[in-house]
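A quick write-up on the structure given underneath.
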Protein chains: 2
Amino acid sequence: MTLVKKKYNISVEATLEVIGGKWKCVILCHLTHGKKRTTELKQLMPAITQKMLTQQLRELESDGIINRISYNQVPPKVEYELSEYGESLKDILDSLCNWGEQHIIKQYGDKHAMLEDSILNK
Amino acid sequence: MTLVKKKYNISVEATLEVIGGKWKCVILCHLTHGKKRTTELKQLMPAITQKMLTQQLRELESDGIINRISYNQVPPKVEYELSEYGESLKDILDSLCNWGEQHIIKQYGDKHAMLEDSILNK
DNA sequence: TACCATAGTAACTAAAAAGTACCTATGGGA
DNA sequence: TCCCATAGGTACTTTTTAGTTACTATGGTA
């Protein structure tokens with residue numbers, strides 16, 4: 001007789017709690033290429049709003065996946081980087097990017113037609 | 001001068017179009033353990049509704065990730081399995097499960113307290 | 001003095017995702 | 001004859017997620 005309701009039916013649900021949703025994987029993939037300022041992240045993700053960016057960054061921070069580095073300056077300067085724990089996601093994030101690239105090639109033939117050029121897509 | 005709006009800013013966005021959302025990774029993780037009937041999937045995911053299950057399966061099928069095998073019987077029997085293309089996600093899906101398991105252990109100490117027992121969690 | 005840049009917050013609204021309830025088909029068995 | 005099981009569809013509602021707009025702080029600069 002089970003009295004305690006278990007939280008997860010399968011372990012991937014725990015992963016999705018941390019990196020699921022529309023933006024977190026994208027943010028984290030950008031951070032695999034090194035630490036980034038808020039403004040840089042906004043440029044890399046033109047469709048994200050300030051609100052969503054901050055919100056997602058806060059959640060990733062509170063899950064211990066990223067570090068927030070605030071320099072006491074005016075105008076403010078804040079940088080985000082993968083934490084040591086977040087680094088444990090690096091291989092997964094790289095694989096997700098690589099699969100996506102192959103998928104784009106499979107679907108459209110030429111990745112350069114569908115994918116913005118950036119440090120990430122070289 | 002760029003006239004064509006590119007679809008993706010980073011390749012992981014293409015991956016998320018295919019396996020993003022609340023249920024797809026969970027369904028696919030279950031299918032990495034072999035083909036499953038609709039009823040089995042519902043038992044493995046007690047929180048999913050019939051509607052969401054069918055909807056997600058249809059999308060995965062139309063993206064070429066899974067195969068739908070319909071036996072002409074009454075009552076109906078339908079099985080789902082990873083397609084050959086879907087198998088290219090196997091390593092990623094396994095890594096996502098493993099990371100989640102480690103994360104549960106990190107958070108709660110004992111995975112058995114939080115995770116339902118099943119073939120997947122052994 | 002007025003404005004700039006940067007990072008962020010808050011109240012409100014809109015859109016997307018998910019859930020609910022009810023309906024279909026069909027051959028076999030009680 | 002009526003109900004069972006299985007897989008699925010549909011109209012509608014609720015919840016969640018995301019977007020919009022306006023606002024804050026502050027030292028430096030024109």
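Each chain gets a letter, A, B and so on, in the order the sequences are listed, and its residues count up from 1. These numbers come from a predicted model, not from an experiment.
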Have [X] and [Y] got a donor and an acceptor in their side chains that come within less than 3.5 Å?
X       : Y       : value
B/Gln50 : B/Thr54 : yes
B/Thr39 : B/Gln43 : no
B/Glu17 : B/Tyr8  : yes

Query raised in the report: Within 45 degrees of the axis of the six-membered ring of B/Tyr85 and under 6.0 Å from its centre: does A/Lys106 put its NZ or CZ there?
Result: yes
Query raised in the report: Quick one: is the NZ or CZ of B/Lys77 closer than 6.0 Å to the six-membered ring centre of B/Tyr71, and within 45° of its axis?
Result: yes
Report task. Give the angle between the helix axes at the two ends of the helix from C/dT1-D/dA30 to C/dA30-D/dT1, taking five base pairs at each end and rounding to 10°. Result -> 40°
Could you tell me the separation between the [atom1] atom of [X] and the [atom2] atom of [N], rounded to a whole number of Å?
X       : N      : atom1 : atom2 : result
B/Gln55 : C/dT20 : CD    : C1'   : 14 Å
B/Met52 : D/dT10 : CE    : P     : 16 Å
B/Met45 : D/dA7  : CE    : P     : 13 Å
A/Asn72 : C/dT6  : CG    : P     : 17 Å
A/Tyr71 : C/dG8  : OH    : P     : 13 Å
B/Lys77 : D/dG8  : NZ    : P     : 14 Å
A/Gln73 : D/dG27 : CD    : C1'   : 11 Å
B/Leu41 : D/dT6  : CG    : C1'   : 14 Å

Which of the following nucleotides, [options], is nearest to the side chain of [X]?
X       : options               : value
B/Val78 : C/dG8, D/dG8, D/dT26  : D/dG8
B/Pro76 : C/dG8, C/dG19, D/dA7  : D/dA7
B/Pro75 : D/dA5, C/dG8, C/dA7   : D/dA5
A/Thr54 : C/dG19, C/dT9, C/dG27 : C/dT9

Query raised in the report: Closer to the 5' end of DNA chain C via nearest nucleotide, is it B/Ile48 or A/Gln50?
Result: A/Gln50
Does [N] have OP1 or OP2 sitting under 4.0 Å from an N or O in the side chain of [X]?
X       : N      : value
A/Thr49 : D/dT20 : no
B/Arg37 : D/dG8  : no
A/Arg58 : C/dG8  : yes
B/Tyr80 : D/dG8  : yes
A/Thr39 : C/dA5  : no
A/Lys22 : D/dG19 : yes

Query - Crowding at CD, A/Gln73 (>12 non-hydrogen neighbours, <6.0 Å) - result: yes
Report summary line: Value for CG (A/Asp63) from CD1 (A/Ile19), rounded to nearest 0.5 Å, stands at 11.0 Å
**Report entry** A/Gln56 vs B/Thr38, nearer the 5' end of DNA chain D by closest nucleotide
**Finding:** B/Thr38
Report task. Kindly indicate whether the side chain of B/Cys25, heavy atoms from C-beta on, has any atom under 4.5 Å from the side chain of A/Leu16. Result -> yes
